[in-house]
Colleague: 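Please see the structure below; I have some questions.
Computed from a predicted model, the values in this text were never measured in an experiment. Both ligands and their constituent atoms are indexed starting at 1 by order of listing.
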Amino acid sequence: MSASRIPKHRSHPTLLADLAHWVEDVAALTCPDSVHWCDGSDTEAEQLTRLLTDTGMLEPLHGDYPGCHLYRSHPNDVARVEHLTFVCTHDRSDAGPNNPWMAPAEAHARMDELFRGCMQGRTLYVIPYCMGPLDSPLSRCGVEITDSPYVVLNMRLMTRMGDAALARIERDGRFVKGLHSTGDLNPDRRFIMHFPEELTIKSFGSGYGGNALLGKKCHALRIASWQARDEGWLAEHMLLVAITNPAGETHYVAAAFPSACGKTNLAMLIPPASMPGWTVRTIGDDIAWLHPGADGRLWAINPEAGFFGVAPGTNPRSNRNAFDMIRKDTIFTNVAVTDEGRPWWDGLEGAPRTDWRGQPYDPANGPAAHPNARFTVSATNNPAYAAEAEHPQGVPLSAIIFGGRRRSLAPLVYEASDWVHGVLMGAGVASETTAAATGAVGVLRRDPMAMKPFCGYHFGDYWQHWINIGERLSHPPRIFHVNWFRQDAEGRFLWPGFGENLRVLAWILDRAQARGSAVETPIGHLPAPHDLPLQGLEIPSEVMEALLAIDVPGWHREFSQLREELSAYGDRLPSALRTRLDEALARLSA
Ligand code: SAT
Ligand code: MN
């Protein structure tokens, strides 16, 4: 492993002076024992894996999980920390009421104090990475500096990382700067700061996924959403799938759901046996970058190269593709382990011996695997990985779907009447909170476009930007809202979900081609139960009716509340959204 006291980078004669100087400055501040420029090679990954297994930080798993390891994070460091995640813009109002804000000078000063000397006794790793295919004009690059070899191994799976990315950075002449240290994992000294005006991220005191893998939420959403607004595109919290129908036509769909609401399952959906001839392939499971194309369609790429998915709930019944893809070369974080040394969570065969903290399993201590336990795996491990994920031009979208986890009110599916109505639908997304972020679980909160924790600027400006993008599309994707999570009075799910969701997607694709029929309602277009392809699914007709019913007083309350909440965005709220909302309220009152 190349290492040097002074960060003399390897032989990159044309390496951006900016990058070299930044690495030197960071090394001078953080005082690492050595500096390592990551090349992204297999040898490098093997050396880092050995280093971590030798020091007991990674545990090799059973032999029938080749190349798989378990990592246990600090028990106080298991999820994103939204209250410690800041957007630092010169003008406070640019960050919007949707983001915790700190003045850039103050944030830099605080962070630099935390970083001072923090890498003593550690290695500073320089990770050049590219978000998106290396040869795509839609891709954007970054460099993460970290003192965590676990972060390096994860970034290697989640991004195109190393020499090839560095070469692209040299060509582009710019990159996002991300500085990360696990620090001492003291929650009082934990901050994730974004400086979108400087394309810079500083993250201290956490080693957990979204806080530490800076290419993901920090770069590909918060910073990228800002860049996208300036450059005329959208950075979204969306999965991307390719769906082929029995006639052999392929359509591409993007879908936004909050964290841990089933994006990975939908992205890897396996059609039910009663829908022969359909196939679903995965392009991405978490983030999509959307660009208006010269042809008036909206084109999408997945900026990531891997999946950082929620392990609990993944099993051969819920998601066969995901279950198969994590049988080799996977990093598991905070799962339980069986007697034989296999990874374990509820729903799998076997029994846990050790819980996610590394203690002998005792049900009195809570679930064996942490509810936000994760797997990190290369996208190419997925048996349903779509070759189009590597296409430099991306894929053209037929539909955009918004959704949330709501036990009541929101029907199984409904369609916006046009783009602006779709933007309002996205702004109104609400979902019950999950274990992906610290805080109470199961509380309904507004999560516009599933971007509440990830939009790097004022939501009012963001919705206006969405409207502007729509005006540039002569063939915009149609916009829909789905809710797989409706429950009856006893708390049982009304809709079976998983593979059966394809029935809803089939209707969505029919509508996107101006085919399927629908009923017009005050909240949008809904299918009648017989409009959905339900053959082979045993579901009582009264349940279908409940799933597609409109609770008029409930929606009146919902829209009145949304109107109130949107008023917090002041005069930056696009007037078109207010008008649409008032129209909907009037229709509901009629
Ligand atoms: O922790 S991550 O932000 O990477 C995962 C998620 O919350 O979606
Ligand atoms: Mn996510």
Side-chain angles (χ1 to χ4, degrees), residues 71 73-74 76-85 129 131 142 144 146 148 150-151 153-155 157-159 178 180 182 190 192 194 201 203 205-225 235-240 254-268 282-289 302-314 322 331-335 370-377 379 401-405 429 431-439 441 445 447-456:
Y71 177 83
S73 73
H74 191 284
N76 79 23
D77 185 34
V78 293
R80 284 181 292 101
V81 281
E82 294 177 7
H83 59 297
L84 303 174
T85 301
Y129 63 87
M131 300 310 292
E144 175 166 358
T146 181
S148 162
Y150 165 78
V151 166
L153 290 175
N154 275 271
M155 285 290 284
L157 294 169
M158 295 304 298
T159 71
H180 168 256
T182 49
R190 180 175 295 160
I192 297 94
H194 303 75
I201 305 153
S203 166
S206 167
Y208 169 76
N211 303 328
L213 312 179
L214 301 186
K216 198 173 180 50
K217 300 300 170 50
C218 299
H219 175 165
L221 288 176
R222 296 194 194 94
I223 299 287
S225 61
E236 297 299 324
H237 191 203
M238 292 176 174
L239 67 91
L240 284 172
F257 304 108
S259 300
C261 287
K263 286 204 300 299
T264 307
N265 288 339
L266 187 60
M268 297 175 192
T282 320
I283 296 173
D285 82 329
D286 195 40
I287 300 177
W289 287 356
N302 169 17
E304 301 193 281
F307 306 117
F308 183 66
V310 182
T314 307
I331 301 172
F332 292 91
T333 299
N334 295 338
V335 298
H370 190 276
N372 194 37
R374 296 271 169 167
F375 54 75
T376 321
V377 65
I401 304 174
F402 294 115
R405 178 187 286 272
V429 167
S431 192
E432 289 147 23
T433 50
T434 67
T438 54
V441 168
R445 77 160 180 182
D447 191 350
M449 277 81 172
M451 285 285 279
K452 167 74 187 67
F454 307 122
C455 181

Colleague: Between the side chain of Asn334 and the main-chain N/O of Ser73, is any donor-acceptor distance below 3.5 Å?
Modeller: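 It does hold such a pair.
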
Colleague: Is any N or O atom of Arg80, backbone or side chain, closer than 3.5 Å to an N or O atom of ligand 1?
Modeller: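 N/O-N/O distance under 3.5 Å: yes.
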
Colleague: Taking the inter-plane angle between the rings of His237 and Phe454 on a 0 to 90° scale, is it parallel (under 30°), tilted (30 to 60°) or perpendicular (over 60°)?
Modeller: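 Answer is perpendicular, since the angle exceeds 60°.
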
Colleague: Where the side chain of Thr146 meets the backbone of Ser148, is there a donor-acceptor pair that is under 3.5 Å apart?
Modeller: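 Looks like yes, one N/O pair under 3.5 Å.
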
Colleague: Got a donor-acceptor contact below 3.5 angstrom from the Asn372 side chain to the Val78 backbone?
Modeller: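 Side chain of Asn372 to backbone of Val78, a donor-acceptor pair under 3.5 Å: yes, one is there.
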
Colleague: Of all the non-hydrogen atoms in the protein, which one sits nearest to atom 6 (C) of ligand 1, and at what distance?
Modeller: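 Scanning the protein heavy atoms, the shortest distance from atom 6 (C) of ligand 1 goes to Lys217 NZ, 3.0 Å.
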
Colleague: Taking 2.8 Å as the upper limit, name the protein N, O or S atoms near the Mn ion (ligand 2).
Modeller: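 Atoms qualifying: Lys217 NZ, His237 NE2, Asp286 OD1.
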
Colleague: Against heavy atoms of Arg374, which atoms of ligand 1 measure under 4.0 Å?
Modeller: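 Per the distance check, 5 (C), 6 (C), 7 (O).
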
Colleague: Below 3.5 Å, N or O to N or O, backbone or side chain included: is there any such pair between Gly209 and ligand 1?
Modeller: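 By distance alone, the answer is no.
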
Colleague: Does the Arg405 side chain pair with the main chain of Ala260, one donor and one acceptor, at a distance under 3.5 Å?
Modeller: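 Yes; at least one donor-acceptor contact below 3.5 Å.
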
Colleague: Which of the numbered atoms in ligand 1 are below 4.0 angstrom from a heavy atom of Lys216?
Modeller: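 Near Lys216, meaning under 4.0 Å from one of its heavy atoms, ligand 1 has 4 (O).
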
Colleague: In ligand 1, which numbered atoms sit nearer than 4.0 Å to a non-hydrogen atom of Ser259?
Modeller: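 Matching atoms, with element in brackets: 6 (C), 7 (O), 8 (O).
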
Colleague: What I want to find out is whether Arg445 reaches Glu82 closely enough, with some N-O distance under 4.0 Å, to be called a salt bridge.
Modeller: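 Between Glu82 and Arg445 there is a salt bridge, with a charged N closer than 4.0 Å to a carboxylate O.
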
Colleague: If I compare all heavy atoms of Ser203 with all of Leu214, which pair ends up nearest, and what's the gap?
Modeller: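 Here Ser203 and Leu214 meet closest at CB-CD2, 3.8 Å.
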
Colleague: Hey, which atoms in ligand 1 end up nearer than 4.0 Å to a heavy atom of Gly210?
Modeller: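 Those atoms are 1 (O), 2 (S), 3 (O), 4 (O).
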
Colleague: Taking only residues two or more places apart in sequence or in another chain, which ones pass side chain to side chain donor-acceptor pair (under 3.5 Å) with Ser431?
Modeller: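 Testing Ser431 for side chain to side chain donor-acceptor pair (under 3.5 Å), a comparison that skips the adjacent residues, returns none.
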
Colleague: Check each atom of ligand 1 against the heavy atoms of Phe308 and keep those under 4.0 Å away; list them by number with element.
Modeller: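 The list of qualifying atoms is 1 (O), 4 (O).
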
Colleague: As an exercise, identify every atom of ligand 1 less than 4.0 angstrom from a heavy atom of Tyr208.
Modeller: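 Ligand 1 atoms under the 4.0 Å threshold to Tyr208: 1 (O).
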
Colleague: Can you list the steps and then say if His219 with Tyr129 is a ring pair (Phe, Tyr, Trp, His ring centres under 6.0 Å)?
Modeller: CA-CA 11 Å; His219 175 165; Tyr129 63 87; 5.6 Å; yes

Colleague: Report the C-alpha separation of Tyr150 and Tyr71 in whole Å, then their side-chain angles, then the decisive distance to 0.1 Å, and conclude whether the ring pair (Phe, Tyr, Trp, His ring centres under 6.0 Å) test is met.
Modeller: CA-CA 8 Å; Tyr150 165 78; Tyr71 177 83; 3.7 Å; yes

Colleague: Measure from the side-chain N and O atoms of Arg222 to the backbone N and O of Gly456, and report whether any donor-acceptor pair falls under 3.5 Å.
Modeller: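 Side chain of Arg222 to backbone of Gly456: no pair is present.
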
Colleague: Please could you name the atoms of ligand 1 that Ala436 approaches to less than 4.0 Å, counting only its heavy atoms?
Modeller: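 What qualifies from ligand 1 is 7 (O).
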
